[in-house]
Each structure stands twice: as structure tokens, then as C-alpha cells.
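The figures that follow rest on heavy atoms only: side chains count, while hydrogens, waters and symmetry mates do not. The structure presented is a predicted model; accordingly, all values stated were derived computationally and were not measured.
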Amino acid sequence: MQKTASKAKTTMISLCACLLLVAVVFGFAACGSGSLYAVDFSGTMGDNFKEEYQLEGTTWRASDEEGFEKVYTLTGVVPYNYDFATLPNMRYDLLNIYNFAVIHISSEDIARVAYDEETGDGFYAEIVNRYGTDAQEEPVIKHSSFGAAKDGVDTSHDYYLFQGIDDTVKTMTIKISFDGTEENARLFKFVIDPENYTLEEAPTQGNE
């Protein structure tokens, strides 16, 4: 009787150990299944960018859709910035655009690999815009992040996109891979529809 109880106890301990091992394995798998890239819209108020490129953050609603890592819809009030619109290398004022959003994509796991023109390997962001109901435009492929980082600041884990916002309906997709491999490529969608947001107006006393 005592031997039977001891055997049952041993079996129970082994079973618990197996269950614990399975739980640990699933726990690690769950940790690894998180998104490879993080997306935020907090603007450029940190130390990464020169003062003239600093913009206020915007609000986006996240949702899921098959085929995309995540879908983001612009909401709320889109900040107005006359100074940014008229920067010599921006000149958004020529398009009559004075409201802006910043899309910041980062990865803790992989750094951007410099693009090699000869081999075609390395970082890419393939951006496709669809305006209203018009046909899809040809993709624009970028091989570097916006070059406004301060000297000595490591931005190799970051990608910044400055987006002018007006009253145009636009759907933008970004397929991005920090190291240029298909394995680490992810597809995001950004919905820009004035039904969901308002444009901040120019101040009555401002810098115009």
C-alpha cells in the first residue's frame, strides 16, 4: 500500500514537472510572438532630432485586419506648424499643407542594415498611397530614415516618416524590413480620412 502511494506520488510529481515545462515553453513562445516593430506617433520632441524638425504628436486608433501587422486610423486634432511647412527642404507650403503627423517605427530586436545598391540588400520601406477612390500609385521605396538625427545619437533602431495631412482621403501602406529580409518584413496600414480628424487652424497671432 505504501509502495503504491509512493509510486502515485512520484507519477504526480513527474506530471507536474512536465506541465511546468510545457508552460515555460509556451511562455517563451508567447514572448517571441510579439510584434517585431513598434509604432508610435508621439512626434519628435526627444533628443533624436534637431529642434527645427520637432512636431507635436498625433492620435491614431489601432485595429486588426487580415494581411496587416496592424491598422492605424488617424483621429483627433492634427497639429498646425507653419515653421515646419516652410523649411527649405520641406516646402509643404507649396502644397498648402500646414498640419503634420509623425510615424515612428522602431525595433528593439534588429537594427537598420545600410542599403547596398550593388546587391540590393539592406533596409527598405515600401510605401504605397491610395488617394480617395483613385487607382493605387506606384510604390515609393525608401532605403534610409529621415536624416535629421543629431550627431552622436544612435537612431539605427528607428525609422521616421513625416506625413503632411490635409482634407484628402488617403490610405497608406508601409511594408518595412530593417535588415532587408522578407522574414523580418511587416506590412502596416494607415488610414487618413478627414471624417475621423480635424485640422488645427492657424493661430490668430502666430508666426505667419
Side-chain angles (χ1 to χ4, degrees), residues 34-60 62 68-74 78-79 81 83-95 97-131 136-166 170-192:
S35 180
L36 184 62
Y37 302 101
V39 183
D40 75 76
F41 310 93
S42 56
T44 56
M45 302 308 292
D47 295 330
N48 284 2
F49 279 76
K50 298 175 183 177
E51 187 174 345
E52 59 264 34
Y53 296 105
Q54 291 181 353
L55 295 169
E56 293 180 48
T58 49
T59 303
W60 299 69
F68 296 96
E69 187 78 355
K70 190 68 69 174
V71 175
Y72 296 95
T73 301
L74 181 60
V78 182
N81 192 312
D83 289 339
F84 184 84
T86 56
L87 283 174
N89 59 332
M90 290 295 178
R91 298 312 306 266
Y92 276 101
D93 59 317
L94 299 178
L95 301 173
I97 293 177
Y98 297 92
N99 301 80
F100 301 94
V102 178
I103 298 172
H104 174 207
I105 302 175
S106 61
S107 176
E108 293 184 357
D109 299 309
I110 49 175
R112 282 189 289 108
V113 174
Y115 179 69
D116 188 324
E117 291 187 7
E118 291 187 5
T119 64
D121 297 330
F123 170 85
Y124 70 83
E126 183 179 294
I127 303 171
V128 176
N129 289 304
R130 180 191 291 273
Y131 295 94
Q136 182 171 290
E137 288 194 349
E138 289 296 316
V140 174
I141 302 177
K142 298 180 180 291
H143 293 295
S144 63
S145 183
F146 188 83
K150 290 183 178 179
D151 293 338
V153 177
D154 179 19
T155 59
S156 62
H157 287 266
D158 304 278
Y159 174 73
Y160 290 91
L161 179 68
F162 295 93
Q163 184 63 48
I165 307 293
D166 56 13
K170 180 168 73 169
T171 301
M172 176 172 62
T173 61
I174 300 178
K175 181 180 180 182
I176 193 165
S177 176
F178 270 30
D179 61 1
T181 65
E182 189 67 23
E183 176 187 0
N184 292 325
R186 299 292 185 273
L187 182 64
F188 296 90
K189 182 160 78 171
F190 303 87
V191 179
I192 300 171

Checking [X] now: which residues fulfil side-chain hydrogen bond (donor to acceptor under 3.5 Å, both in side chains) with it, not counting sequence neighbours?
{"X": "Asp109", "result": "none"}
{"X": "Asp116", "result": "none"}
{"X": "Lys170", "result": "none"}
{"X": "Asp179", "result": "Ser177, Thr181, Asn184"}

Can you sort out the partners of [X] under ring-ring contact (aromatic ring centres under 6.0 Å, His included), two or more places apart, ordered by chain and number?
{"X": "Phe41", "value": "Trp60, Tyr72"}
{"X": "His157", "value": "none"}
{"X": "Tyr124", "value": "none"}

Can you tell me how far apart [atom1] ([X]) and [atom2] ([Y]) are? Round to the nearest 0.5 Å.
{"X": "Arg186", "Y": "Ser35", "atom1": "CZ", "atom2": "OG", "value": "7.0 Å"}
{"X": "Leu55", "Y": "Phe84", "atom1": "CG", "atom2": "CZ", "value": "4.5 Å"}
{"X": "Gln163", "Y": "Asn99", "atom1": "CD", "atom2": "CG", "value": "12.0 Å"}
{"X": "Ile174", "Y": "Phe188", "atom1": "CD1", "atom2": "CZ", "value": "8.5 Å"}

- Note on the structure: Closest heavy-atom pair, Pro79 versus Gly57, reported as atoms and distance to 0.1 Å, is CG-O, 3.6 Å

- Task: Give the minimum heavy-atom separation between Gly164 and Phe100, together with the two atoms involved.
- Result: CA-CD2, 3.7 Å

Any side-chain heavy atom of [X] within less than 4.5 Å of one from [Y]?
{"X": "Lys142", "Y": "Ile127", "answer": "yes"}
{"X": "His104", "Y": "Asp158", "answer": "yes"}
{"X": "Leu87", "Y": "Glu52", "answer": "yes"}
{"X": "Met172", "Y": "Leu161", "answer": "yes"}
{"X": "Ile192", "Y": "Ile165", "answer": "yes"}
{"X": "Ile176", "Y": "Phe123", "answer": "yes"}

- Message: Please check: side-chain N/O of Ser156 versus main-chain N/O of Ala111, any donor-acceptor pairing under 3.5 Å?
- Response: no

- Do the side chain of Ser107 and the main chain of Leu36 share a donor and acceptor less than 3.5 angstrom apart? yes

List in chain and number order the residues that pass side chain to side chain contact (heavy atoms under 4.5 Å, CB included) with [X], two or more places apart in sequence or in another chain; answer none if no residue qualifies.
{"X": "Ala38", "answer": "Ser106"}
{"X": "Asp166", "answer": "Ile97, Thr168"}
{"X": "Phe68", "answer": "Glu65, Val71, Thr173, Leu187, Lys189"}
{"X": "Ser144", "answer": "none"}

- When you look at Tyr92 and Tyr98, which way does the side chain to side chain contact (heavy atoms under 4.5 Å, CB included) test go after all the steps? CA-CA 7 Å; Tyr92 276 101; Tyr98 297 92; over 6 Å; no

- Message: For a side chain to side chain contact (heavy atoms under 4.5 Å, CB included) check, start with the C-alpha distance between Val102 and Phe162, then their side-chain angles and the critical distance, and finish with the verdict.
- Response: CA-CA 5 Å; Val102 178; Phe162 295 93; 3.9 Å; yes

- Stepwise side chain to side chain contact (heavy atoms under 4.5 Å, CB included) test for Ser145 and Arg112: CA-CA 9 Å; Ser145 183; Arg112 282 189 289 108; 3.8 Å; yes

- Query: Less than 6.0 Å separating the ring centroids of Tyr37 and Phe178?
  - Reply: yes

- For Lys175, enumerate each residue passing the salt bridge (charged side-chain N to carboxylate O under 4.0 Å, His left out) test, keeping only those at least two apart in sequence or located in another chain. Glu182

- Message: Using ring-ring contact (aromatic ring centres under 6.0 Å, His included), reason through Tyr160 and Tyr53 one step at a time and then give a plain yes or no.
- Response: CA-CA 11 Å; Tyr160 290 91; Tyr53 296 105; over 10 Å; no

